[in-house]
Amino acid sequence: MSWNVTTGLDEDQLTGLVAQVHQALRDDPGALQPERMWALGLFRSVVLVLYLLRQNPVQAAAAELFGISQATVSRRWTSLLPVVEKVLAEHVPDPAEASAGRVVLIDGTLIPTWDWASEGTTLSVFSVVTD
């Protein structure tokens, strides 16, 4: 099965990322070890995390798609996201450098959030910089 649409990576990129995650887990004695990922295995667990990052589905939908429980999705997300972030950190460009000399779009989306100071709701602006 091709995971390109799900993850945004081609087969070589995905295989390389899984190998780097495997090594990072091996190097960290406190981390969940790859052989402990019984429900999915390491490869599909990494695919699951990438799917959650790229597509942003609710965990119950991801659980149904991958044939596991929502609790397993949550555990994989919690344990593997920091490792995937660490492995990919060297490939993430600095926003200032990436946008230098370019036009960028700032998305200011208003969403209701809880305002603890006034004990009510208020609107907050969240910004995302894209090219």
Side-chain angles (χ1 to χ4, degrees):
M1 177 172 188
S2 170
W3 295 103
N4 184 267
V5 173
T6 310
T7 66
L9 301 177
D10 65 32
E11 188 174 336
D12 291 338
Q13 291 170 323
L14 184 56
T15 303
L17 175 60
V18 172
Q20 289 179 321
V21 168
H22 184 267
Q23 189 59 49
L25 289 170
R26 287 278 180 214
D27 292 345
D28 182 0
L32 180 65
Q33 293 304 304
E35 64 271 7
R36 300 266 311 166
M37 299 192 186
W38 300 305
L40 288 177
L42 181 60
F43 185 88
R44 290 193 59 200
S45 293
V46 171
V47 168
L48 172 65
V49 170
L50 295 174
Y51 171 65
L52 293 169
L53 284 168
R54 183 172 171 89
Q55 306 295 334
N56 197 28
V58 294
Q59 288 185 355
E64 187 173 303
L65 179 67
F66 281 79
I68 56 176
S69 69
Q70 180 276 325
T72 299
V73 172
S74 181
R75 284 191 300 273
R76 291 300 176 266
W77 174 257
T78 302
S79 62
L80 285 179
L81 179 62
V83 181
V84 170
E85 288 176 335
K86 179 182 170 186
V87 167
L88 292 177
E90 68 186 59
H91 303 288
V92 177
D94 176 76
E97 290 176 14
S99 63
R102 302 172 104 172
V103 176
V104 295
L105 171 68
I106 308 290
D107 177 22
T109 304
L110 294 175
I111 61 168
T113 61
W114 185 259
D115 180 359
W116 290 102
S118 66
E119 296 185 21
T121 59
T122 185
L123 293 177
S124 296
V125 176
F126 290 88
S127 296
V128 176
V129 178
T130 60
D131 184 4

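All values derive from a computational prediction rather than experimental measurement.
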(request) Mind telling me whether W3 and F66 have parallel, tilted or perpendicular rings, with 30° and 60° as the class edges? (result)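 Answer is parallel, since the angle falls under 30°.
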Quiz: residues 82-93 side-chain donor-acceptor pairs under 3.5 angstrom, not counting sequence neighbours:
none

(message) Filter on side chain to side chain donor-acceptor pair (under 3.5 Å), then keep only pairs touching residues 54-73, sequence neighbours left out; what's left?
(response)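 Sorted pair list: Q59-Q70, S69-T72, T72-R75.
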(request) Only counting residues at least two apart or in another chain, list the ones meeting side chain to side chain contact (heavy atoms under 4.5 Å, CB included) with D10. (result)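 Side chain to side chain contact (heavy atoms under 4.5 Å, CB included) check on D10 returns N4, D12, Q13.
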(request) Determine, using the 4.5 Å side-chain heavy-atom cutoff (strictly less than), whether L53 and V58 are members of one ILVMFWY cluster. (result)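 Not linked; separate clusters.
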(message) I want to check something: taking the side chain as every heavy atom from C-beta on, are L25 and L42 in contact at a cut-off of under 4.5 Å?
(response)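 The answer is yes; the side chains approach within 4.5 Å.
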(message) Within this structure, what is the CG-OG distance for the pair L50 and S45, rounded to the nearest 0.5 Å?
(response)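 Going from the CG atom of L50 to the OG atom of S45 covers 11.0 Å.
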(message) According to side chain to side chain donor-acceptor pair (under 3.5 Å), who are the partners of T7, at least two apart in sequence or on a separate chain?
(response)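 In terms of side chain to side chain donor-acceptor pair (under 3.5 Å), with neighbours along the sequence ignored, T7 is linked to no residue.
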(request) Applying side chain to side chain donor-acceptor pair (under 3.5 Å), name anything that partners D94, two or more places apart in sequence or on another chain. (result)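 Counting only residues at least two positions away or on another chain, D94 forms no side chain to side chain donor-acceptor pair (under 3.5 Å).
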(request) Looking only at non-hydrogen atoms, find the nearest pair between I68 and A39 and report the distance. (result)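 For I68 and A39, the tightest heavy-atom pair comes out as CG2-CB, 4.1 Å.
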(message) On a heavy-atom basis, which atom in R44 and which in L40 lie closest, and how many Å separate them?
(response)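 Looking at all heavy atoms of both residues, the shortest contact is CB-O, 3.5 Å.
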(message) One pair to check against side chain to side chain contact (heavy atoms under 4.5 Å, CB included): L9 and T15. What are the steps and the verdict?
(response) CA-CA 9 Å; L9 301 177; T15 303; over 6 Å; no
(request) Could you please spell out the steps behind the side chain to side chain contact (heavy atoms under 4.5 Å, CB included) verdict for L48 and W77? (result) CA-CA 8 Å; L48 172 65; W77 174 257; over 6 Å; no
(message) Checking V46 against L17 for the side chain to side chain contact (heavy atoms under 4.5 Å, CB included) test, could you report, in this order, the C-alpha distance in whole Å, the side-chain angles of both residues, the deciding distance, and whether it holds?
(response) CA-CA 8 Å; V46 171; L17 175 60; 4.2 Å; yes
